[in-house]
Structures are given as structure tokens and as C-alpha cells.
Amino acid sequence: QVQLVESGGGLVQAGGSLRLSCTNSGRTFRRYAMGWFRQAPGKEREFVAAISWSGGSAYYSDSVKGRFTISRGNAQNTVYLQMNSLKPEDTAVYYCAADFTPSNSDYTPNQGHEYDSWGQGTHVTVSS
């Protein structure tokens, strides 16, 4: 059973950094593509970043490109989102998600409907 748990959220000043983690205690993410999404108050959920199951490909939304980095842990049961140069507009609940059946080893899904399992989210607040 896949159970995703996010951690690492919190309050940070603009320009600061946070690293989010997503773990699955049930099994490894070895052949799952993984993604991060976020939802700000009063807004729809939006795609942030995705990484292929091979770890060789990553894809980012334009709003975070160059500031955020998605990566997979060596143990293959953790995915990270390193967030640098944070802005107040990055304030949101961040969710990790798993795509159980990516079309190939380098596929990086960026649509919510492509994902099969979601975590409960972790809050990130960036103060100005």
C-alpha cells in the first residue's frame, strides 16, 4: 500500500530556503514518477515539479524554474523538493504525488490526473 507523507514545511522569510520531503513507508518509489503540486488559499492546485522514475529527467513549472530542485533519495523511498529564493507567492500547501504507471523511464507527468496517490500536504508560508 502506498502512503505518502510530506514533511519539511514551515514559516520562512522571503529569500530563504526550505527542503520538503515525501516518504512512503510501504514500498519504494523505484518505478514511480513523482511530482510536487501546491495549492494556495483561494486558488486551484498547480503543478510545481516532477521527476522520472529513472531520476534522469525533471520538469518544473515556469514559476519555480531555477529556484526549486526535485530529487530522489538514494533509498528510493524519498523524494525531495529543495526550495530556494522563496517568495511570498510560494505560500501554499504542498502535496507530493506518485504516478504508478509512467509511460517510460524518463517521463515527467505534469497533470494532476496522471497521478495515482497523493499525500496529505505540508504547509509552506513565506513572509515578506
Side-chain angles (χ1 to χ4, degrees):
Q1 183 176 355
V2 176
Q3 185 172 5
L4 306 180
V5 179
E6 302 95 336
S7 62
L11 173 64
V12 63
Q13 289 188 332
S17 299
L18 283 174
R19 189 174 80 157
L20 305 183
S21 300
C22 174
T23 61
N24 175 27
S25 57
R27 53 196 296 181
T28 69
F29 296 145
R30 187 174 298 276
R31 288 183 180 268
Y32 301 164
M34 300 297 298
W36 286 94
F37 290 74
R38 67 187 182 187
Q39 187 166 19
K43 295 187 177 181
E44 294 187 352
R45 183 182 64 194
E46 66 171 349
F47 169 79
V48 175
I51 189 166
S52 62
W53 71 254
S54 73
S57 297
Y59 183 71
Y60 300 91
S61 67
D62 288 343
S63 61
V64 307
K65 195 176 299 182
R67 300 187 298 122
F68 290 12
T69 302
I70 188 171
S71 62
R72 307 184 76 110
N74 290 334
Q76 292 292 326
N77 66 341
T78 305
V79 175
Y80 302 101
L81 185 69
Q82 177 67 43
M83 306 187 296
N84 298 329
S85 303
L86 283 161
K87 305 175 182 180
E89 51 263 44
D90 294 319
T91 294
V93 178
Y94 284 71
Y95 300 91
C96 77
D99 175 2
F100 297 164
T101 56
S103 57
N104 61 67
S105 63
D106 288 321
Y107 185 59
T108 51
N110 64 358
Q111 301 294 316
H113 66 82
E114 298 181 274
Y115 288 87
D116 303 293
S117 182
W118 295 80
Q120 294 299 306
T122 185
H123 290 258
V124 172
T125 302
V126 184
S127 62
S128 57

Inset, instruction - Look up atom CH2 in W36 and atom CG in L20, then write down how far apart they are to the nearest 0.5 Å. - result: 4.5 Å

Inset, instruction - Starting at CZ of R38, measure out to CZ of R45 and round the result to the nearest 0.5 Å. - result: 13.5 Å

Legend entry - Worked check of side-chain contact (heavy atoms from CB on, under 4.5 Å) between R67 and M83: CA-CA 6 Å; R67 300 187 298 122; M83 306 187 296; over 6 Å; no

Legend entry - Heavy-atom pair of closest approach, residues A40 and T91: CB-O, 3.6 Å

Inset, instruction - State plainly whether one hydrophobic cluster holds both I70 and Y107, where clusters connect Ile, Leu, Val, Met, Phe, Trp and Tyr through side-chain heavy atoms under 4.5 angstrom apart. - result: no

Legend entry - Gap separating the OG atom of S63 from the CG atom of D90, nearest 0.5 angstrom: 7.0 Å

Inset, instruction - Consider only side-chain N and O atoms of N77 and T23, and report whether a donor and an acceptor are under 3.5 Å apart. - result: no

Inset, instruction - Give a yes or no on whether the backbone of A98 and the side-chain of S117 come within a donor-acceptor separation of less than 3.5 Å. - result: no

Legend entry - ILVMFWY network linking I51 to Y80, side-chain heavy atoms under 4.5 angstrom: no

Inset, instruction - Using side chain to side chain donor-acceptor pair (under 3.5 Å) as the criterion, list what pairs up with N104, not counting sequence neighbours. - result: none

Legend entry - Spatial distance of atom CD (Q3) from atom CG (N24) [nearest 0.5 Å]: 8.0 Å

Legend entry - Remaining members of hydrophobic cluster (4.5 Å side-chain criterion), Y115: F37, F47, Y59, V93, Y95, W118

Legend entry - Exercise: identify the closest heavy-atom pair between A14 and P88: CB-CD, 4.1 Å

Legend entry - Atom pair OG (S71) and CE (M34), whose distance is rounded to the nearest 0.5 Å: 11.5 Å

Legend entry - Shared hydrophobic cluster for L11 and L18 (ILVMFWY, side-chain gaps under 4.5 Å): no

Legend entry - From OG (S17) to CZ (F68), nearest 0.5 Å: 9.5 Å

Legend entry - Q120, CD atom: more than 12 neighbouring heavy atoms under 6.0 Å: no

Let me check something: any side-chain donor-acceptor pairs from residues 121-128 under 3.5 Å, sequence neighbours excluded? List them with distances.
{"residue": "T122", "atom": "OG1", "partner": "G9", "partner atom": "N", "Å": "3.2"}

Legend entry - Heavy-atom donor-acceptor pair, R72 side chain to S52 backbone, under 3.5 Å: yes

